[in-house]
Every structure is written in C-alpha cells, then in structure tokens.
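Below is one structure; the comments refer to it alone.
Counting convention: from 1, in listed order, for ligands and their atoms alike.
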Amino acid sequence: MRPSILPFVLAMPALVWAQAPAQPARPQAARQEKPKGPWMDKSLGPDQRADMLVGQMTLDEKIQLVHGVGWGALRPGSPVPPGSNQGAGFVPGIERLGIPAVNLADSAVGVRMGALESRYSTLLPSTLGLAASFDPEAGYLYGSVIGRELRDQGYNMSIGGGVDLVREPRNGRNFEYAGEDPVLAGTMAGQLMKGLQAQQVMGDIKHYAFNDQETGRNILNVVMDKRTMRETDLLAFEIALKIAEPSGVMCSYNKVNGDYACENDYLLNQVLKKDFGFKGWVLSDWGGTHSTTKAAMNGLDQEMPGDRYFGADLKKAVESEEVPEARLNDMVHRILRSMFAAGVIDNPPVRRVVDPFRGLEDAQHIAEESIVLLKNAGGVLPLDAGRVASIALIGSHADVGVLSGGGSAQVDPPGGDAVTHLPGAARWMQPVWFPSSPLKQIRERAPLATVEYDDGTDSAAAAKLARASQVAIVFVNQYMSEGRDAATLALPGNQDALVSAVAAANPRTIVVIESGGPVSMPWVGEVKGVLEAWYPGIGGAQALAAILFGDVNPSAKLPVTFAASDGDLPHPQVPGIDLVKPGQRPPAFDVNYTEGLKVGYKWFEAEHKQPLFAFGYGLSYTTFAYSDLKADGSRRTVSFSVKNTGRRAGTDVAQVYVMLPPAADEPFRRLVAWQRVQLEAGESKTVSLKLNPVYLSIFNVRNNAWELLGGEYRALVGPLTAGFRVE
Ligand code: BGC
C-alpha cells in the first residue's frame, strides 16, 4: 500500500535548482598543503589561533569563508569546486594558510546522499524515537555513529541537530526533532551533538528558531512573546548548546516577530550570542538569507548556499564601512575558532569504508530503546515463540522493509529501495523503505510458526488471513517529510479501516505504527496491542522482533503527546494550511501561538483535555512502583524508591515533574529530571536527583534573566507528590 498524504508542497524557488542532482563530474580532491604557521601550535587556544589567522587574511579571503556552495555547485552550471564532497554544503578552504575546506552534510538521522558516490550510511531510528529512549547515553551513541560515518565519507561538518519543539504534531519534520519538552529535547539533541563532535567533526544545531511547521515556512511570521520563547524552543536550544558547544547554529527560514530568523537581532545577537554565549557561527538555512547589511549586523555569519548577499555585496558593504570590517572579522573568527576547537584542522577526516555492521548494531540498540509499548491488553505481548503456531503479518511492506523519513534527513537505502528496487539516491519527498524485513526477522525468531504476509491493500483479504491465524500483526504508517505537513493526525489511506477489519477477524491483533510523530487511533479499543516504532532505522526489524518476542523489554516513553483528534490540539488545523495552494505563491501569514507556554502536555493539562496517550507514557513487560518520595527545596534534590513489582527484569524511566508556585502562573507540570533505572524482578533502588534551578525557574523578561521564585513547589513522581519550599 502506497501511503497517501494530504499535505501540500510549498515550492521554494531558491531551492529548486539546489535540490536537483549536482554536477556529475567527480571532483579531484584538493591537494591540501600541509598546514603551517604559528596558528598550528596546538598548545594555543582556538580563539588565539583563529585571531592569528584572521590577521593574515585578505578581504577576499574573508569573504570567501562567509558563503558557500550547495550540492556541488555555486549556481546552476558552474563547476564543482575541487575538494567538494558534493554534499549539502561546501566552503572552499584557503590553501596558502592551510585552512581546509568545510564539507557539510545533512545528517539528521544518518549521513545523507551516500548513493551519489556509492557510499554506505547507517540509517538510525528517527531522532524523535531517540528522544523516546530518555537515554542521554543513547543520544551520545547516536551522534557518534553519525560523526564516525561523516569522517569516513570525508565530511568535516554535520548540519543535523534539529531541536525545534514538537508544538505542531502534524509538522512534517517532527521525526527529525526531539519531542515537545524543552528539557528532554535540549538534553537529547545536546548529547547527540556532543557524541558527534567527539568524533572530531563539527556539529550544528537547527533550525533556530521556531520552524515548528513546514506549511509556509519561508513566508510565515511567528508571533510570540519573549517569555514564551525563552521557556519553550529557546530553552531547548540553550540546553543543547551548553551540552554540546556546537560549531554551528543554522537559522531558520521563517520570520519571528517581524524579522527573518536569519536577520533577527533579538534571536541572533541578543539571545544566541550574548545570553547563551554561543562562540560558533550562524549559518543560514539553505536559501534563508534575505539581506546583506541587515543580516550581517543582526548576527548572521555565513550565507548558505550561494553568494547573493554575502559575496560581492558584502565586500562592497565592508569597503564602504556600512558593515565594519571588525564584524566581518568576527564572522571569520567564529568559523575558524570552531574548526580549531573541533579538531578538523589538526586532525582532518581521512576517507575509509564505513563499517555497516557496527552501524547496524548501534542502530538496533537505539531502536530497542526507542519503541514504545502503548497498549498490551491481557498481556498479549510478548509472544511466546514456542507456542504461537501462526502469525498473520499485514501491511506497510512489512515483508521487505521499514519506512524512513523524507527531505534533507533522508538517508539513501543500501542496494536501493526495498519496495520499488529503484537504485541510487532517494527521490525528493518519495517514501523510501529500508531493507530491514520484519517478516524475515519474525520468521527467524519463531521458526515453528507459520508466518504469512498480506499487503493490506484489500481489507477483506487481510481479515481472511488474520482469521486463519492465531495472532495478527498489522503494520500501519504515516510518511512524513521536510517541506510539508500532514493535514491531519489520521493515518493516511484506508489504514484505520484495515486495522478495524483485522481486529474484527482476530482477537489477538497487535498494531505496529511507523510514523513521523503522533497519529490518531480510532481503533485503539478494538486491538490488544500497540507499538509505536517511529521510523525505526536499519535495525528496526530486528529491534521489533526482539520486543515482540520479549528478548528486549520495552522501556521507551512518549516524547510527545498523542491527541485523540485534531480538535483537541491548540490549533485544530495546521496554521496557514488553507492559504497554501499547490503551485501558487501563498500570501505571507502570521502564526500566532496564542497557547503561549502551554506546549504539548502542558496544553492538555492546563486545558483539562484527556490525551489518547500522554507525554512520558509507555508500558513495560513488567511493572514498577514508587515510594518514599522526598523533596528538599534548599538542596534542590528529589529522592524516591522504584521497585520492579513484576516477574521480569526491566528498565523504568522515572520522571520527575514539578508544579511551580501560583505566582508563576503556570498551571501545569514541567519535566525537570528523569533517570533510567534498570531493575531485576523484585529489585528496588533509591534514586536521588539534583534539580537544575533553571528548570524550576520562570523567565523574567524585565530583568532578561531566569528567576527562581520563592514559594511552595510540588514534585510529582508517578502517583506520588511531595511539597517543597524555595526561599
Ligand atoms: C533544510 C535544512 C537542510 C538544508 C540543506 C534545507 O531545506 O531546511 O534542514 O540542512 O536544506 O539540505
């Protein structure tokens, strides 16, 4: 079944040529001079080394560093520069000074565009799935896989690292982001980038800021007050930046309070560079630069790709002193100091063959921690391989593969698409299935059972197979991609009807969802089991089989709220979706986030709405109980005991939420800390967690600072609550 989506595509003139295949000619690798000069003294700090270099550079050389090439060529028809890897971006180096080129690759969930040069990249589970693990170590591992493979492919910079909050659950890019909570998202994205940069490649965090929907992303204007900004998406960025200190921050396409994000003084100068102390450089999203002087003065450091604003025009602006040369020096300094700090000058990447087996192992491990068990009525799961005689596997090409997310996060499938068998690079916005076959893995895991597959296109045929089997597993999917949003939370096509038909035919029906984010489930009361698998990556089928048969006890929790229907969301319809018509340039529009601080679960709680599945929810094959909750306001600690009260070993994700005093005017809980706790059957552990005062604070706009209010707070862990006082 081909998933049909009801989205729109907003053509982006600036990117149309850029997304086309790059020049076919394979460039010769540039002959890199052995770096020389006093700035190569490793005992000096990155800022000092960068200053020395800037002092040696001509105006033209500086201008050369502040813009780059996209997908191989500066503009259609121009040659591929030597040394370019033909990835999303390339900034030529300066040989005379030993400054290497910057080769940038999209790499949100694995390195993109591998097929161009027959290179293999590991497809990891979607970042949203990673966030579901609530496991910072898995985040670090995730980043290290990408960093390793970037180096192996000759790239020295990633432009992954999406951390925009999931405030619009139908946003096409939610699978590239890390959920709706700023502390969770910032922590996971930060760990990911830290792991990536530990491989000595430069990292990036994007899309700064509030690119929270794809509908109209190039023309919409986000309207939001400062406190909301600082306590929601900007807090996620702040946390990630502190953890990872990435080289780059990519500013987004949209406007924020009237100014494009890439020329927004408040976002770039005041918050990012001053308040967050960001030392790296701001690069524009592809085609997201809109001016020369305004952008330069308001904080943009590099136009990507092309030289429309930061080429000859910037040179002129510097010569006429409209842009002080000191500002250009600052842009260049930021780029060079990041290259030194990341190690790409001292230890440049050396190409070698990617190890797909190591990637698979890591991807499977992360997938096992990312798949959320949402329903398990009557203990239908795990399946007993020794006892189940027949399994009907239905839908979503589960015979051959797992779905992946589209757009610039798309990784190329090894050996071509598992369904269409189309070889080579993935096509823009076309669903791509990776060769990780649930059918094969389930057959291997249950050798005594008959496992048959039906493609689900005909509900009656699927129901017939289900009726003749002991267990039915229906795979459903929602294909999502950059450049468009889903019009609704409903699964596309006839999938809801398919699930109902199968559930009516077999009382032991289990649904496996492969989706970009939350979906609605009108059939949830009809089925026994539900697993949310996100886009599970190249080890997805293995991970699913391990969970279905209980080799792995699921531990993941939802990093996003699943609403029962679109009507329960702050915006029942994606803002502006009715204004955008295929093939027409839509009028600019405002997205007014009137819900303010009530993003995700905070909305549901404050508005007393019952979600289908709440943020933080996820079942295990065992059960856990909490006791002895103690909270200490002066030491800002929380401690409690967790006991595994079931019969299997398992890992709980113990989550600590806090309610602020009434003076905060925030009538909802906040996630402030959590810990994964591994417990044998019957085992108990005491967990003590230190609370970060920022996570307990509100943002005081008048003082432009976080403020920890004095008063009565409440800590909530599972069903327990404990009051504590902050003086
Ligand atoms: C996306 C970015 C991406 C860039 C380069 C843009 O369309 O928004 O996330 O990094 O293209 O491919």
Side-chain angles (χ1 to χ4, degrees), residues 9-22 67-74 84-91 102-114 116 121 126-127 146 150 155 157-164 171-178 189 192-193 196 201-220 237 246-255 260-262 281-290 300 302-306 405-412 425-429 480-485 516:
V9 176
L10 172 59
M12 293 171 295
L15 292 184
V16 169
W17 68 266
Q19 297 287 6
H67 65 265
V69 163
W71 297 285
L74 184 61
S84 165
N85 228 1
Q86 301 197 51
F90 177 74
V91 182
V102 183
N103 265 300
L104 307 95
D106 276 314
S107 42
V109 297
V111 185
R112 184 182 172 213
M113 296 174 84
L116 194 66
S121 305
S126 43
T127 325
I146 297 176
L150 282 166
Y155 288 104
M157 183 163 185
S158 157
I159 44 171
V163 71
D164 301 72
N171 174 8
R173 302 191 82 168
N174 285 339
F175 74 93
E176 299 179 52
Y177 298 151
L192 188 163
M193 268 307 142
L196 185 143
V201 289
M202 292 187 283
D204 160 81
I205 290 194
K206 68 184 184 185
H207 306 88
Y208 188 79
F210 305 105
N211 185 175
D212 293 343
Q213 64 174 55
E214 289 298 281
T215 301
R217 65 176 176 172
N218 297 81
I219 47 162
L220 68 78
F237 277 96
S247 299
V249 166
M250 184 191 288
C251 51
S252 57
Y253 287 128
N254 51 289
K255 290 182 177 174
Y260 282 109
C262 290
W281 84 94
V282 178
L283 58 157
S284 71
D285 197 347
W286 269 222
T289 308
H290 295 273
L300 180 68
Q302 189 178 58
E303 172 182 8
M304 283 305 286
S408 56
Q410 180 71 64
V411 173
D412 290 334
R427 276 87 183 147
W428 186 249
M429 285 188 184
M480 297 292 266
S481 168
E482 173 186 347
R484 61 189 176 194
D485 300 320

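- Contacts with ligand 1 closer than 4.0 Å are made by side-chain heavy atoms of Arg217 only, the backbone lying farther away.
- Heavy atoms of Met250 approach ligand 1 to within less than 4.0 angstrom.
- A search for side chain to side chain donor-acceptor pair (under 3.5 Å) contacts involving Ser107 returns Ser158, not counting sequence neighbours.
- Near Asp285, the atoms of ligand 1 lying under 4.0 angstrom from a non-hydrogen atom of the residue are 1 (C), 2 (C), 3 (C), 4 (C), 6 (C), 8 (O), 11 (O).
- Atoms of ligand 1 lying under 4.0 Å from at least one heavy atom of Ser408, given by number and element, are 1 (C), 2 (C), 3 (C), 9 (O), 12 (O).
- Remark: the backbone N or O of Tyr253 is not paired with any side-chain donor or acceptor of Asp285 at under 3.5 angstrom.
- The closest donor-acceptor contact from the side chain of Arg112 to the backbone of Gly110 lies at 3.5 Å or more, if one exists at all.
- Annotation: side-chain contact (heavy atoms from CB on, under 4.5 Å) contacts of Lys206 (sequence neighbours excluded): Asp106, Arg173, Glu176, Asp204, Met250.
- With a 4.5 Å cut-off on side-chain heavy atoms, Leu300 and Tyr260 do not count as touching.
- Within the listing of ligand 1, atoms 1 (C), 6 (C), 7 (O), 8 (O) sit less than 4.0 angstrom from a heavy atom of Glu482.
- Where the criterion is an N or O separation shorter than 3.5 Å, residue side chain and backbone included, Trp286 fails it with respect to ligand 1.
- If you take CG on Asp212 and CZ on Arg217, they are separated by 13.0 Å, rounding to the nearest 0.5 Å.
- Only side-chain heavy atoms of Arg112 come within less than 4.0 Å of ligand 1; its backbone N, CA, C and O stay farther off.
- Distances below 4.0 Å separate heavy atoms of Ile159 from the following atoms of ligand 1: 10 (O).
- The closest approach between Glu176 and ligand 1 stays at or above 4.0 Å for every heavy atom of the residue.
- Note that NE2 of His67 and OG1 of Thr289 are 11.5 Å apart. Values are rounded to the nearest 0.5 Å.
- Considering backbone and side-chain N/O of Lys206, one or more are found under 3.5 Å from N/O of ligand 1.
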